[in-house]
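In this chain, numbering begins with 1 at the start of the sequence shown.
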Amino acid sequence: QVHLVESGGGLVQAGGSLRLSCTTSEGTFSSYAAGWFRQAPGKERESVAVINRSGVATYYTDSVKGRFTISRDNAKNTVYLQMNSLKPKDTAVYYCAASTYLGTPSSPNQYDYWGQGTQVTVSS
């Protein structure tokens with residue numbers, strides 16, 4: 001069992017930045033691919049960014065490419081999502097998740113463990 005805890009969400013104006021963190025105190029986070037997903041009211045959960053176990057491979061959904069950066073520090077059991085140039089359409093609850101799949105799995109169905117989520121609100 002892996003318990004994930006997200007932090008760093010909040011309210012920011014359009015064009016601003018936030019940095020989300022996801023950490024676990026159980027096991028070794030480096031044994032899992034990690035992903036950030038988001039879900040806006042009335043919409044399905046979608047993948048935002050994914051990073052493989054070692055941190056050398058990443059995936060981004062088209063709408064965040066060039067603005068968001070996913071990274072990880074396996075020594076600290078932590079995965080980050082740096083979000084720059086935020087837009088109102090980025091408003092959602094952001095979830096961290098861990099997957100036993102190799103590579104950069106991008107479907108929510110490929111993930112085994114989920115955090116509780118952190119709210120990100122971008123005002124115009």
Side-chain angles (χ1 to χ4, degrees):
Q1 188 71 20
V2 177
H3 180 60
L4 302 174
V5 178
E6 303 102 334
S7 62
L11 173 64
V12 65
Q13 289 187 332
S17 299
L18 284 174
R19 187 195 197 199
L20 305 183
S21 298
C22 173
T23 189
T24 179
S25 58
E26 297 110 351
T28 305
F29 212 169
S30 61
S31 298
Y32 302 90
W36 287 97
F37 295 78
R38 65 187 179 188
Q39 188 165 18
K43 295 188 176 181
E44 293 186 354
R45 190 169 298 188
E46 64 169 350
S47 63
V48 175
V50 175
I51 191 165
N52 74 333
R53 299 180 185 191
S54 65
V56 298
T58 58
Y59 160 87
Y60 296 93
T61 193
D62 286 346
S63 61
V64 307
K65 286 180 180 177
R67 301 189 297 124
F68 291 11
T69 302
I70 188 171
S71 61
R72 68 190 304 161
D73 185 338
N74 286 336
K76 295 182 179 180
N77 273 349
T78 303
V79 175
Y80 305 96
L81 184 67
Q82 178 67 43
M83 305 186 294
N84 298 328
S85 302
L86 282 161
K87 303 175 181 180
K89 66 179 182 179
D90 295 317
T91 295
V93 177
Y94 282 70
Y95 298 90
C96 174
S99 171
T100 55
Y101 277 73
L102 296 176
T104 53
S106 59
S107 170
N109 294 333
Q110 295 173 298
Y111 284 77
D112 306 280
Y113 305 104
W114 292 85
Q116 293 291 328
T118 184
Q119 177 70 46
V120 171
T121 303
V122 185
S123 63
S124 57

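Following chains of ILVMFWY side-chain contacts shorter than 4.5 Å, one can reach Y111 starting from V93, so the two form part of one hydrophobic cluster. Residues Y59 and V79 do not share a hydrophobic cluster, clusters being chains of Ile/Leu/Val/Met/Phe/Trp/Tyr side chains in contact below 4.5 Å. Connection of V12 to M83 is established within a shared hydrophobic cluster, with ILVMFWY side chains joined at heavy-atom distances below 4.5 Å, either directly or through further cluster members.
The two residues T78 and F29 come nearest to each other via the heavy atoms N-CD1, 3.9 Å. Between G117 and Y95 the shortest heavy-atom distance is CA-CD2, 3.6 Å. For P105 against S99, the heavy-atom pair with the smallest separation is CG-OG, 3.6 Å. L81 and A49 get closest at one heavy-atom pair: CD1-CB, 4.0 Å. Looking at every heavy atom in both residues, S17 comes nearest to N84 through OG-OD1, 2.9 Å. Here the closest heavy-atom approach between residue V64 and residue V48 is recorded as CG2-O, 3.6 Å.
Without hydrogens or angle criteria, Y60 side chain to I70 main chain gives a donor-acceptor distance under 3.5 Å. At distances below 3.5 Å, not a single donor-acceptor pair connects side-chain atoms of T104 with backbone N or O atoms of N52. Side-chain atoms of T23 come within 3.5 Å of backbone N or O of N77 as a donor-acceptor pair. Distance alone, capped at 3.5 Å, is enough to place a donor-acceptor pair between the E6 side chain and the Q116 backbone. Between the side chain of N74 and the backbone N or O of R53 there is at least one donor-acceptor pair closer than 3.5 Å.
If you take OG on S124 and CD on Q13, they are separated by 9.5 Å, rounding to the nearest 0.5 Å. For the atom pair T100 OG1 and Q110 CD, the distance stands at 9.5 Å (nearest 0.5 Å). How far OG of S7 is from OH of Y80: 9.0 Å, rounded to the nearest 0.5 Å.
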What side-chain donor-acceptor pairs closer than 3.5 Å can you find for residues 30-37, not counting sequence neighbours?
{"from": "S31", "atom 1": "OG", "to": "T28", "atom 2": "O", "distance (Å)": "3.4"}

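Screening residues 54-85 for disulfide bond (SG atoms under 2.5 Å apart) gives no qualifying pairs among residues at least two apart or on separate chains. Residue pairs meeting the salt bridge (charged side-chain N to carboxylate O under 4.0 Å, His left out) criterion with at least one partner in residues 41-51, sequence neighbours excluded, are R38-E46.
A search for salt bridge (Lys or Arg N to Asp or Glu O under 4.0 Å) contacts involving R72 returns nothing, not counting sequence neighbours. Applying the salt bridge (Lys or Arg N to Asp or Glu O under 4.0 Å) rule to R67 yields the partners D90; only residues at least two apart in sequence or on another chain are considered. Taking D73 as the reference, nothing meets the side chain to side chain donor-acceptor pair (under 3.5 Å) condition, with sequence neighbours excluded.
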Next on the checklist: Could you walk me through whether H3 and S25 satisfy the side chain to side chain contact (heavy atoms under 4.5 Å, CB included) test, starting with their C-alpha distance in whole Å, then the side-chain angles of each, then the deciding distance to 0.1 Å, before giving a yes or no?
Outcome noted: CA-CA 7 Å; H3 180 60; S25 58; 5.7 Å; no
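Classification of the Y94-F68 ring pair by plane angle, with boundaries at 30° and 60°, yields tilted.
Between Q119 and T91 there is a side-chain heavy-atom pair separated by less than 4.5 Å.
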